[in-house]
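Let me begin by presenting the structure, written as structure tokens, before commenting on it.
In what follows, chains carry the letters A, B, and so on, assigned in the order in which the sequence lines appear, proteins first and then strands, with residues in each chain numbered from 1. In this text, all values refer to a predicted model and were calculated from it rather than measured experimentally. Values below: every heavy atom of this structure, side chains too, minus hydrogens, waters and symmetry copies.
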Amino acid sequence: MNYPEFKQPLNYAQVGTDILAWWKQNGIFEKSVSSREGQPTYVFYEGPPSANGAPGIHHVMARTVKDIFCRYHTMLGKQVPRKGGWDTHGLPIELQVEKELGITKEDIGKKISIEDYNQRCRETVMRFKAQWDDLTEKMGYWVDLNDPYITFEPEYIESCWALLKKLYDKGLLYKGYTIQPYSPAAGTGLSSHELNQPGTYRDVKDTTIVAEFEVKRDEQSEKLFALADNLPVFIMAWTTTPWTLPANTGLAVGKNIRYAVVRTFNPYTYEPQVVVLAKVLVNRYFTEKGAQASLEDYKAGDKVLPWRQVGEFSGAELVGIRYERLFGHEAGFPVFESEEKAFRVIPGDFVTTEDGTGIVHISPTFGADDFKVAQQNDVPALLVADDQGKLGPIVDRTGRYVQQMGEFGGRWVKNYDGHDESAADYRTLDVDISVRLKERGRAFKVEKYEHTYPHCWRTDKPVLYYPLDSWFIKTTAVKDRLIELNKTINWKPESTGTGRFGNWLENLVDWNLSRSRYWGTPLPIWRTQDGTEEICIGSIAQLSAEIDKAVAAEVMTHNPLQDAEKIDLHRPYVDDIFLVSPSGLPMYRETDLIDVWFDSGAMPYAQWHYPFENQEKFQKNFPADFIAEGVDQTRGWFFTLHALAVMLEDSVAYKNVMANGLVLDKNGNKMSKRLGNAVDPFATIGQFGPDATRWYMIVNAPPWDNLKFDPAGVTEVQRRFFGTLFNTYSFFSLYANLDQYTYSPEQAVPVAERTELDRWVLSKLQSLVREVGGHYDSYDPTKAARAVQDFVTDQLSNWYVRLSRRRFWKGELTADKRAAFDTLYECLYAVGQLMAPIAPFFAEWLYQNLTNSQVGEKPESVHLTLLQAAQTELIDTALEERMELAQRISSLTHSMRKKSVLKVRQPLQRILVPVLNETTREQVGKVEDLICAEVNVKHVEFLDDTSGVLVKSVKPNFKRLGQQYGPKLKVVGARIQQMTAEEISQLEKTGSLPVEIDGEAYTLTPEDVEIRTQDLPGWLVATDGPLTVALDVTLTDELRQEGVARELVNRLQNLRKDSGLEVQDKIRVTLGADQPELKAAVQSFGDYIRTEVQAVALDFAADVNGGSVLEFDDYSVPVRLELANG
RNA sequence: GGGCUUGUAGCUCAGGUGGUUAGAGCGCUACACUGAUAAUGUAGAGGUCCCUGGUUCGAGUCCAGGCAGGCCCA
């Protein structure tokens, strides 16, 4: 047996495990890399997963995408090294450990030492590694699991340090501050995780104020004053935190918001004034009565505040206007150095007209938005110098104003000192500030307002948004280059690159690197206490040398790096290292850890321990040709890779990137363990096998769309695609083995000598090879999979094999039969190759079955084969077109048979095909035999104009008419639909037809219409677009007899099958013969029947006891069937 | 709240640069077929192409504004 035969149904999961074992045994993955030694490299980066949780079905999706392109490029002959990796640092691991130990961050260093804590993290982070490795293998993701990079290893950290040092030396690493939630009562910053604890957001009643900022009169603001009749102009801004007003340095407006200029009076001082606020909010502050009230008659203390809108501007027109500092010397406040850049109107895209005035007060030290928008617009923060001359915010770390704040110096900004709020003398700072502003005519409205505000989960006190020290990478310095190089990256989908990622780059702020945690890569910067001297360490060797200096200076007693068996660069060990500054002062490490995204973004370098080792390897593997991760990584891994590559190498980090979507449950809901709708990847692969799972995920929707994972869809893929392909292979193997056929490229029948149908399917196949290659090349695996699937089910199985069946089972192994085997073999082989990247196990199974009997040299695995470029010389477009005609004509004929209840087994005399041109006639003529065989008719006849029976109709060609006639299209179209047969004929003959519509003359051309035959009077017809087919349903005696003969054959075949006979068994048939029509049919078509059912004898007998009875049409025939072998 | 993205048949999805009658598969109904048979063929039912405006002779397609889901960021 040359080609293994299998029982149905095939166990696809078993195929997966068998092939996996075979791959392992024979080191196929390793060979897929080593066999490409010396070939061009296709560089792939593995985005490291974290192994602290079990893998989910979405990981199968993400990794399938990665695997597809690595396998594809291997099959193009390139070498594709695939180093695995593990992401091991970060908050999720810390939280998990804390949960398991029942502790909080507070307890670290108290209940548990940092050392033990970190040890625990290290153990936890790889806990699920075995499961991950298992899934990786079972799903067929080829990646090197034996030599992965691991981000907590000292070599990896050392590489990170080297990169940080490079950035430091370029001046791209600096210490600044960022606005973070901060609890003055606890004296600590809060993570967003802590802020999301239940109960932290509470309703509180605060004093709020609409403050008035006085506009400076200058060229820029003259347009306001021109409307103001020499009155002072104020911009109104609302805040729920009046204590931040002394730190105001900017006012933000929405560029597209309309602002009204309103003439009115200050409600507290009664002075006339002009104010600016969002137009849609005017009626929130001014009454209808006020609009009627007279401005002139207004007296101080009047209840109704008169007002008039005197002008209107867009936010964009207000940008740049300057205003007076709200609190200055008059309140005894300190001098502000950077005054000339501050106190401006700036645009802010977060500004809305939902509440307030549509103008937002900006205090860069006390709001994250404020900080960001100020930075983008070069508005400085208001900082004051302390006694040492060090600049800081106006609020100290305990939550009170610094002493320099004039009359308010030392006041608590919130009630952090436990003051009894019900006491008669209790007044908040907010109230006092509001009172002062009222007195000075800088308040428009002061009121209590209830809103939700975050509180510290430990102290229950309100949180402040407060500037905290942080280390930054100055990504803004290379912003333009980041944008420029991003444009050279091929994003899939494109919109993620231009939209989500592109916008992110456009609005870039510096990368905040600092994390106040324990388990992560430590920041390698040591500083003197006063911060005037510092050093950035770039290697273990450098650190060791610096320690030696420190030992010499007696800052340290010994060098711990020298006697350590294994160096650990984590906390707390690095914290216990002290260095000495050039001036002889001790230096302490900045206690921050760095953002884990730096770890992963550093993988192109750190995975090779570059620059300490593997210089060449790094060069050869940078940048990546391809990476893929979830779209949620856009601002994570995709960004950090890009940022580091641009800053360090002035290069992209990857040339092609796919951002795949989420995997949801079948109802479109997010999968979660809690809801119990999570799909277990092991169970899925166990049930359906890895190939159907992968194929379903890819074929169903493009990877960048979200996938609604429905197991029913996997079943369908399995049945429809894999089932059909398996059946096709089974069909091939069954008959190939019967004929002892073996494929051999050298002995294959030349394509030119094969049948029309063979050449057609090969043409289709080569078109497919070309198409699929194109889809893989442009990173569109879904289109590739769909093309392969359509070819297998529609063309190969349902047309080629169906129409060729007889050739495979009839007679001896002739050249024609050989051609059929060759053709089918070549199709299966190529399909196996094309599907291999997506369904690697099944493709391997198919390849092994097809090639195991092959003599001579051949690649051991389908994944080691080379994907040949399409043999375009075999592509015959005309052939493909006429076969499509044959398919459509057949379909129409089937449809007519159905309507007239004429089963296919009943032969009919002819079909008629009206043809309007010679090309169609030729085309159909060449496939006449196929059509006849498929629909069981004797002839295809053509009808042309000369027959005189064709009825033609026309359809307007709207596309062309629209271009030509525009608005007149409707009347012209209507006119065309009324064309008479004579007019159609004239248009065809002369090439033009003059018509008159509404008194205007037009000349129609053949291109303006589509001519088709419509009807054939007296015939049974069916049409499909321009194609029309008529069926001759006349039955002659001979046709009837043949029909009976074919029925008989069919029943005998069934009987053979039911009797358990093998395909090659010969039989003797005895029929009971009391029906003359039947006897006549058997006599006329005896040879035919004997050949079909492989009968050595076909006889009539009066008595056929012991047999069965065949029933068909009106007949009931006793029959006896005997084996006649030997 | 912002950015991006999706919305077409019961379900999953196609529908270059606008062209009048919007398709496929699955599912459903009916019939047929039965040496690929957990397959196949033919027919049928099933659509306010998310909504509202606009541009146009003509919009599923282009523009604007909404609505709903998703992701990321606040």
Side-chain angles (χ1 to χ4, degrees), chain A residues 8-9 192 348-352 354 367-369 372 493 495-504 506-507 630-636 659 661-662 664 666-670 696 699-702 704-708 710 712-713 715-721 723-724 726-732 734-735 782-783 786 789-790 793-794 797-798 801-802 805-806 808-809 890-899 901-905 934-935 955-963 965-973 1022 1025 1049-1054 1056-1058 1061-1063 1092-1094:
Chain A
Q8 329 219 25
S192 57
D349 51 21
F350 53 85
V351 179
T352 69
E354 296 283 304
D369 267 342
K372 193 172 157 189
S495 58
T496 300
T498 54
R500 190 180 285 214
F501 195 66
N503 290 344
W504 162 252
E506 294 288 346
N507 295 307
V631 67
D632 53 338
Q633 300 279 339
T634 307
R635 293 173 184 188
L662 266 67
L664 309 168
K666 65 175 180 178
N667 299 317
N669 298 313
K670 211 174 162 174
Y696 162 72
V699 84
N700 186 65
W704 44 87
D705 282 352
N706 288 348
L707 172 72
K708 291 181 196 162
D710 186 356
T715 312
E716 191 189 324
V717 156
Q718 195 176 55
R719 239 191 24 228
R720 182 161 178 76
F721 176 61
T724 306
F726 168 72
N727 279 336
T728 307
Y729 168 76
S730 294
F731 177 86
F732 169 80
L734 174 66
Y735 293 107
T782 302
K783 284 189 175 157
R786 286 176 180 172
Q789 182 165 308
D790 289 347
T793 57
D794 297 347
S797 166
N798 203 26
V801 172
R802 193 153 56 84
R805 279 198 315 235
R806 299 181 67 81
F808 287 96
W809 73 59
S890 300
S891 173
L892 288 171
T893 309
H894 280 307
S895 164
M896 285 182 283
R897 276 182 171 275
K898 165 73 198 151
K899 275 184 194 137
V901 199
L902 285 163
K903 49 183 79 171
V904 182
R905 230 174 275 129
E934 170 64 10
V935 302
K955 186 178 168 254
N957 180 350
F958 286 102
K959 189 163 183 169
R960 191 184 151 84
L961 291 172
Q963 284 161 1
Y965 298 113
K968 305 275 189 194
L969 170 135
K970 271 192 175 144
V971 286
V972 178
V1049 166
N1050 169 253
R1051 302 304 138 132
L1052 288 170
Q1053 297 287 33
N1054 286 348
R1056 281 183 61 115
K1057 197 181 176 188
D1058 293 345
L1061 296 179
E1062 295 298 323
V1063 174
E1092 286 298 312
V1093 305
Q1094 302 184 67

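Across all strands shown, B:U17 forms no Watson-Crick or G-U wobble pair with both key distances under 3.5 Å. Across all strands shown, B:A39 forms no Watson-Crick or G-U wobble pair with both distances under 3.5 Å. With a cut-off of 3.5 Å on both pairing distances, the Watson-Crick or G-U wobble partner of B:G44 is B:C28. Using the Watson-Crick or G-U wobble rule with both distances under 3.5 Å, B:U55 pairs with nothing in any strand shown. Across all strands shown, the partner of B:G1 is B:C73, judged by Watson-Crick or G-U wobble contacts whose two distances both fall under 3.5 Å. When both distances must be under 3.5 Å, the Watson-Crick or G-U wobble mate of B:G60 does not exist.
A donor-acceptor pair under 3.5 Å is formed between the side chain of A:N706 and the backbone N or O of A:L662. A:R719 contributes no side-chain N or O that, together with a main-chain N or O of A:T715, makes up a donor-acceptor pair within less than 3.5 Å. Checked by atom type and distance alone, the side chain of A:Y696 pairs as donor or acceptor with a backbone atom of A:D710 at under 3.5 Å. One N or O on the side chain of A:R897 and one on the backbone of A:V935 form a donor-acceptor pair closer than 3.5 Å. The closest donor-acceptor contact from the side chain of A:N507 to the backbone of A:N503 lies under 3.5 Å. Between the side chain of A:Q1053 and the main chain of A:E1092, a donor-acceptor pair closer than 3.5 Å is present. Put simply, the side chain of A:S895 never gets that close to the backbone of A:S891: no donor and acceptor are under 3.5 Å apart.
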What N/O pairs connect the protein and nucleotides 1-7 of chain B at under 3.5 Å? Give each pair on its own line.
residue : atom : partner : partner atom : Å
B:G3    : O3'  : A:N503  : ND2          : 3.2
B:G3    : O2'  : A:N503  : ND2          : 2.9
B:G3    : N2   : A:R500  : NH2          : 3.2
B:C4    : O2   : A:R500  : NH2          : 3.4

Could you go over nucleotides 22-28 of chain B and give all protein N or O partners under 3.5 Å, atom names and distances?
residue : atom : partner : partner atom : Å
B:G25   : O2'  : A:E716  : OE2          : 3.1
B:C26   : O4'  : A:E716  : OE2          : 3.3

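Put simply, A:N706 has no side-chain N or O that comes within less than 4.0 Å of OP1 or OP2 on B:C71. Contact annotation: A:S895 does not reach the phosphate of B:U42 (side-chain N/O to OP1 or OP2, under 4.0 Å). Not one side-chain nitrogen or oxygen of A:N798 sits closer than 4.0 Å to the OP1 or OP2 atom of B:A36. Distances shown here put a side-chain N or O of A:R805 below 4.0 Å from the OP1 or OP2 atom of B:A36. Within the structure, a side-chain polar atom (N or O) of A:N700 is placed less than 4.0 Å from OP1 or OP2 of B:C13. Phosphate contact (OP1/OP2 of B:U42, side-chain N/O of A:S891, threshold under 4.0 Å): present.
The two residues A:A659 and A:P493 make their nearest non-hydrogen contact at O-CD, 3.8 Å. The two residues A:L892 and A:A1022 have their closest heavy-atom pair at CD2-CB, 3.8 Å.
Considering only side-chain atoms of A:V801, the nucleotide from B:A74, B:A36, B:A14 that sits closest is B:A36. For A:D369, taking side-chain heavy atoms from C-beta onward, the closest of the listed nucleotides B:A74, B:C13, B:U12 is B:A74. Closest approach to the A:P702 side chain among B:G35, B:A14, B:U37 is made by B:A14 (side chain taken as heavy atoms from C-beta onward).
Note that CG of A:N798 is 9.5 Å distant from OG1 of A:T728, once rounded to the nearest 0.5 Å. The CD atom of A:Q789 sits 6.5 Å away from atom CZ of A:R720, with the distance rounded to the nearest 0.5 Å. Within the model, atoms CZ of A:R635 and CZ of A:R500 stand 7.0 Å from one another, a figure rounded to the nearest 0.5 Å.
A distance of about 14 Å separates the P atoms of B:G41 and B:A36, rounded to the whole Å. Taking the P atom of each, B:U55 and B:U61 are spaced 15 Å apart, rounded to whole Å. To the nearest whole angstrom, the two P atoms, one in B:A64 and one in B:U6, are 15 Å apart. Rounded to whole Å, the P atom of B:G47 lies 29 Å from the corresponding atom of B:C63. On the C1' atoms, B:A68 is 23 Å away from B:A22, given to the nearest whole Å. B:C57 and B:G15: their P atoms are spaced 29 Å apart (whole Å). Only the C1' atoms considered, B:U29 is 37 Å distant from B:G16, to the nearest whole Å. Remark: the separation of the C1' atoms in B:A39 and B:C33 is 11 Å, to the nearest Å.
Looking at heavy-atom distances under 4.0 Å, A:G713 makes no contact with the nucleic acid at all. Residue contacts for A:K372: at a heavy-atom cut-off of 4.0 Å it reaches no nucleic acid atom on any strand shown. Heavy atoms of A:R960 sit nowhere under 4.0 angstrom from any nucleic acid atom.
When the P atom of B:U40 is taken as reference, atom CZ of A:F731 falls 16 Å away, rounded to whole Å. Rounded to whole Å, the distance from OH on A:Y735 to C1' on B:A36 is 8 Å. What separates CG of A:L662 from P of B:C72 is a distance of 7 Å, to the nearest Å. Regarding A:Q789, its CD atom lies at a distance of 14 Å from the P atom of B:A14, rounded to whole Å. Spacing between atom OH of A:Y696 and atom P of B:C11 amounts to 14 Å, rounded to whole angstrom units. Put simply, CG on A:L734 is 10 Å from C1' on B:A36, counting in whole angstrom units. If you measure from atom CE of A:M896 to atom C1' of B:G41, you get 15 Å, rounded to the nearest angstrom. Between A:E934 atom CD and B:U40 atom C1' there is a gap of 11 Å when expressed in whole angstrom units.
Place A:L664 and A:V699 on RNA chain B by their nearest nucleotides, and A:V699 ends up nearer the 5' end. Both A:V631 and A:N1050 sit near RNA chain B, but only A:N1050 has its closest nucleotide nearer the 5' end.
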Quiz item: Can you list the steps and then say if A:F731 with A:V801 is a side chain to side chain contact (heavy atoms under 4.5 Å, CB included)?
Solution: CA-CA 9 Å; A:F731 177 86; A:V801 172; 3.8 Å; yes

